[in-house]
Amino acid sequence: MNIKSMDTVVVGAGVVGVAIAERLQYEGGQILLLDRAGPGEACSSGNAGHFATDVVLPLANLQTIAALPKMLLDKRGPLSLRWSYLPQMLPWLARFAMAALPAQAKASAQALRALNSRSIASYESLLARTDLRSLMVQRGALTVYESAQAKLKHQSTVALLRDYGVNVEALSAAAVRELEPALGNAVAGGLYFPDTAHTVNPLRLTQSLARSFCAAGGQLQQLEVIALRPQNEGIAVLTESGAILAKRVVLAAGVWSGSLLRSLGLELPLDTERGYHLMLPEPGLQLSRPVTSHERSFVMTPMEEGLRLAGTVELVGLDAPPDYGRSEVLFEHAATLLPGLHRAKATRWMGMRPSLPDSLPVIGTAAAEPRLLFAFGHQHLGLTQAATTAELIADLVAGRAPAIDLGPYRIERFRGARSLRCTA
């Protein structure tokens, strides 16, 4: 490898890392983007494709805690935990329970809203600059109910969403089917979120942004980063092919950020929130926008390659083999809502979302080492928050005041992240 020193190294070429690299290159930096795989080939390739600006309530809340036993006992439900992983997961779950307390959950919701409210505008700027506007479709999104009881029970949550500034319209069953005629009689009503959007191909979006980054002079290398070492003259990025000295490093490696944090002497409760999808290239019907099932907690998104059924959370860590039965359950759920749905040539996928117990990402610099910037832990909102995160990181690099207060996302909110190992 010829490169011995760089202005900025971005570690991680998922949608968050690629968006950051593109923005920093656009602002005149000398940027090297590194990843163990190709751009977007991990979690960013198989997500639901939904710019979910309406998702402002953290997963860590008292309602989730109360529902956990029922969800864990339901093999077809939205959450599963492999019991062999429970001892390793207990510290994370304890922090999750603390984050679910009302005051903390409210603070997390406000922080999520601050990021998500800027999402569409940030993407409009990014996609206009890179001539990729066709990859984002702005037709809003639907959430559908299957019973009047579920609709009534959800009213307090809908009111809370409105309190946080989310634009949401209640719809009758007939109005829902008028928007999406493919939905059957199982639908008893729904909600319309006009300020959301979706991409027709999340992998192509990330790869196209990477190509724009390279065309503007950015450098992309498929290399595994082994460790980071702060030194007097910069940050040493240790890779499988040798060391690179960078003036600054942006860590945006998703779930793989954990091992690199440990190389710095930092220990964070970063774990995997596995998600699955089933891609239906010939579904036999059409949707025009993402449709989420309220009771079944999964989303159906129309894409250029077919209909993607995505969702479920599996807690099992980084190394366990996939359980593709989670993908098959998605078809059972979707077939109830979409009569006549076909699964010919269906393909399955599993990805690992980087998740922190308070449902917030880490965005910002290390207090003790301003040359080290963080942008990871976006859980199931990485696509939604990527363009905004890129703008915030660019503000920090340029010495500008960030557009929003980064206090809630600081790495120092975790006790294990308050010291760095620094070598001369």
Side-chain angles (χ1 to χ4, degrees), residues 16 19 50-67 92 94-123 140-141 143 154-169 191 193-197 252 268-270 273 292 294 297 313 353-365 367 373-396 400-415 417:
V16 173
H50 185 194
F51 301 101
T53 59
D54 57 304
V55 180
V56 300
L57 303 181
L59 289 176
N61 60 67
L62 292 182
Q63 290 81 4
T64 301
I65 298 293
W92 191 98
R95 292 182 177 96
F96 182 86
M98 292 297 294
L101 295 174
Q104 181 60 53
K106 181 178 179 180
S108 294
Q110 291 169 335
L112 286 172
R113 176 58 180 161
L115 286 174
N116 289 0
S117 65
R118 303 178 63 85
S119 173
I120 301 302
S122 296
Y123 267 105
T143 291
H154 196 225
Q155 283 184 351
S156 60
T157 301
V158 174
L160 189 57
L161 289 174
R162 289 183 172 129
D163 287 344
Y164 284 115
V166 175
N167 188 5
V168 52
E169 303 170 14
L191 302 171
F193 297 91
D195 298 333
T196 69
L268 260 66
L270 179 67
E273 181 190 314
T292 298
H294 170 68
S297 297
V313 171
R353 313 176 185 108
S355 189
L356 290 157
D358 60 2
S359 301
L360 297 179
V362 172
I363 303 173
T365 61
L373 297 96
F374 303 111
F376 63 84
H378 294 75
Q379 34 126 16
H380 60 289
L381 293 171
L383 176 67
T384 303
Q385 297 170 352
T388 298
T389 299
E391 293 174 348
L392 296 171
I393 293 294
D395 286 341
L396 293 173
R400 300 187 295 261
I404 63 174
D405 176 20
L406 296 185
Y409 321 104
R410 294 181 67 224
I411 195 168
E412 288 83 9
R413 71 184 192 267
F414 299 108
R415 184 176 297 177

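The figures that follow rest on heavy atoms only: side chains count, while hydrogens, waters and symmetry mates do not. As the structure is a prediction and not an experimental result, all values here were calculated from the model.
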Please check this pair: side chain of R113 against backbone of Y164, looking for a donor-acceptor N/O pair closer than 3.5 Å. yes
Judged by atom type as modelled, is there a donor-acceptor pair below 3.5 Å linking the side chain of N61 to the main-chain atoms of P58? yes
Between S119 and T53, is there a donor-acceptor pair closer than 3.5 Å when you use the side chain of the first and the backbone of the second? no
Residues L57 and A109: closest non-hydrogen pair is CD2-CB, 4.4 Å
Kindly determine whether H380 and L59 satisfy side chain to side chain contact (heavy atoms under 4.5 Å, CB included), including the steps that lead there. CA-CA 10 Å; H380 60 289; L59 289 176; 3.8 Å; yes
Is there a donor-acceptor pair under 3.5 Å between the side chain of T64 and the backbone N or O of A60? no
Closest heavy-atom pair, W92 versus S355, reported as atoms and distance to 0.1 Å, is NE1-O, 3.3 Å
Here the gap from L373 atom CG to L396 atom CG, rounded to the nearest 0.5 Å, amounts to 6.0 Å
As an exercise, state the distance from OG of S108 to CG of L101, rounded to the nearest 0.5 Å. 10.5 Å
Which value, rounded to the nearest 0.5 Å, describes the distance between L160 atom CG and Q155 atom CD? 13.5 Å
Do L360 and R413 touch side chain to side chain, with heavy atoms closer than 4.5 Å? yes
Going by side chain to side chain contact (heavy atoms under 4.5 Å, CB included), L161 matches just one of V55, L191, V56. Which one? V56
Note: F414 and V362 closest approach over all heavy atoms is CE1-CG2, 4.3 Å
Would L270 and F376 count as a side chain to side chain contact (heavy atoms under 4.5 Å, CB included) here? Give the steps. CA-CA 9 Å; L270 179 67; F376 63 84; 4.2 Å; yes
Return yes if some donor-acceptor pair links the side-chain N/O of E412 with the main-chain N/O of A367 below 3.5 Å, else return no. yes
Any F193 side-chain heavy atom under 4.5 Å of T143 side chain: yes
Quick one: does I363's side chain get under 4.5 Å of I393's, heavy atoms only? yes
Shortest non-hydrogen contact from H50 to A141? NE2-CB, 3.5 Å
Could you pull out the closest heavy-atom pair between L356 and P269, with the gap in Å? CD2-O, 3.4 Å
Would you call F96 and I65 a side-chain contact if the rule is heavy atoms closer than 4.5 Å? yes
If only atom types and distance count, is the side chain of R353 paired as donor or acceptor with the main-chain N or O of E273 below 3.5 Å? yes
Output every pair passing salt bridge (Lys or Arg N to Asp or Glu O under 4.0 Å) with a member in residues 374-391, not counting sequence neighbours, ordered by first then second residue. none
Compare all side-chain heavy atoms of F51 with those of T196 and state whether any distance is below 4.5 angstrom. no
Correct closest heavy-atom pair for S359 and L112 would be O-CD2, 3.5 Å
Rounded at 0.5 Å granularity, tell me how far CG in L115 sits from CG in L406. 8.5 Å
Listed partners of Y409 passing ring-ring contact (aromatic ring centres under 6.0 Å, His included), at least two apart: none
Starting from the C-alpha separation in whole Å, work towards a yes-or-no answer on side-chain hydrogen bond (donor to acceptor under 3.5 Å, both in side chains) for D358 and Q104. CA-CA 8 Å; D358 60 2; Q104 181 60 53; 4.9 Å; no
To the nearest 0.5 angstrom, please state how far the CZ atom of R118 sits from the OG1 atom of T384. 15.0 Å
Between R162 and V168 (side chain of the first, backbone of the second, donor and acceptor by atom type, cut-off under 3.5 Å), is there such a pair? yes
Check whether any side-chain heavy atom of F374 sits under 4.5 Å from a side-chain heavy atom of P361, and report yes or no. no
Just verifying a value: how many Å separate N167 CG and D195 CG, rounded to the nearest 0.5 Å? 4.5 Å
Would N116 and Q385 count as a side chain to side chain contact (heavy atoms under 4.5 Å, CB included) here? Give the steps. CA-CA 6 Å; N116 289 0; Q385 297 170 352; 3.0 Å; yes
